[in-house]
Amino acid sequence: VNPSIQAKVALAKDWVPPKEGGGGGGVDPTGWLMSEKLDGMRAYWSGGRLWSRNGKAVHAPAWFTAPLPTDLELDGELWMGRGKFQECMSAVRSF
């Protein structure tokens with residue numbers, strides 16, 4: 001387990017709307033981009049290795065990691081399609 005990875009993974013938090021008139025409350029999301037929640041496995045690419053959000057190494061095959069950048073860290077979701085969460089998790093566990 002790599003605890004430094006756990007600290008880098010951005011996890012969702014409840015959104016608190018800003019208070020009228022400014023001050024206090026949450027952040028105004030105007031101008032932000034968002035995407036649909038995908039039902040997959042959260043993963044973090046450190047530029048050389050794939051990790052779970054809990055900091056456990058994910059043993060992905062070389063054909064999968066070869067095209068990933070070595071000079072950029074990525075935080076995202078391993079996803080195989082709608083309704084395929086268990087299939088995705090099985091694939092990850094098989095390596």
Side-chain angles (χ1 to χ4, degrees):
V1 175
N2 186 335
S4 69
I5 296 299
Q6 292 173 305
K8 293 181 178 187
V9 175
L11 298 177
K13 296 183 174 95
D14 289 337
W15 179 69
V16 178
K19 293 181 180 175
E20 284 190 42
V27 176
D28 181 358
T30 302
W32 288 26
L33 299 175
M34 63 182 81
S35 65
E36 116 181 57
K37 164 68 174 96
L38 301 176
D39 194 14
M41 180 190 155
R42 188 64 175 276
Y44 185 85
W45 173 250
S46 65
R49 186 158 208 174
L50 198 60
W51 301 89
S52 74
R53 71 178 194 173
N54 295 323
K56 293 182 181 177
V58 175
H59 303 286
W63 63 261
F64 184 84
T65 59
L68 296 175
T70 57
D71 60 343
L72 184 67
E73 296 179 8
L74 303 171
D75 180 2
E77 200 83 9
L78 298 177
W79 186 71
M80 294 179 75
R82 286 187 173 81
K84 295 190 173 194
F85 176 75
Q86 290 302 328
E87 188 176 343
C88 178
M89 296 305 289
S90 293
V92 170
R93 287 186 197 115
S94 70
F95 289 104

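- Atom OH of Tyr44 is separated from atom OG of Ser4 by 8.5 Å, given to the nearest 0.5 angstrom.
- The heavy-atom pair separating Ile5 from Ser52 by the smallest distance is CG2-O, 3.8 Å.
- No donor-acceptor pair under 3.5 Å is formed between the side chain of Gln6 and the backbone N or O of Gly55.
- With sequence neighbours left out, Asp39 forms a side-chain hydrogen bond (donor to acceptor under 3.5 Å, both in side chains) with no residue at all.
- Closest heavy-atom contact between Ala91 and Met80: CB-SD, 4.3 Å.
- Here salt bridge (charged side-chain N to carboxylate O under 4.0 Å, His left out) pairs that include residues 81-95, with residues two or more places apart or in two chains, are Glu36-Arg82.
- The hydrophobic cluster containing Leu38 also includes Trp79, under a criterion of side-chain heavy atoms closer than 4.5 Å among ILVMFWY residues, counted directly or through chains of members.
- In the hydrophobic clustering (ILVMFWY side chains linked at under 4.5 Å, chained through shared members), Met41 is joined by Trp45, Leu50, Val58, Trp63, Phe64, Leu68, Leu72, Leu74, Leu78, Phe85, Met89, Val92.
- For Thr70, there are no side-chain hydrogen bond (donor to acceptor under 3.5 Å, both in side chains) partners at least two apart in sequence or on another chain.
- Pairs of residues two or more places apart, or lying in two chains, never qualify as salt bridge (charged side-chain N to carboxylate O under 4.0 Å, His left out) while including a residue from residues 47-58.
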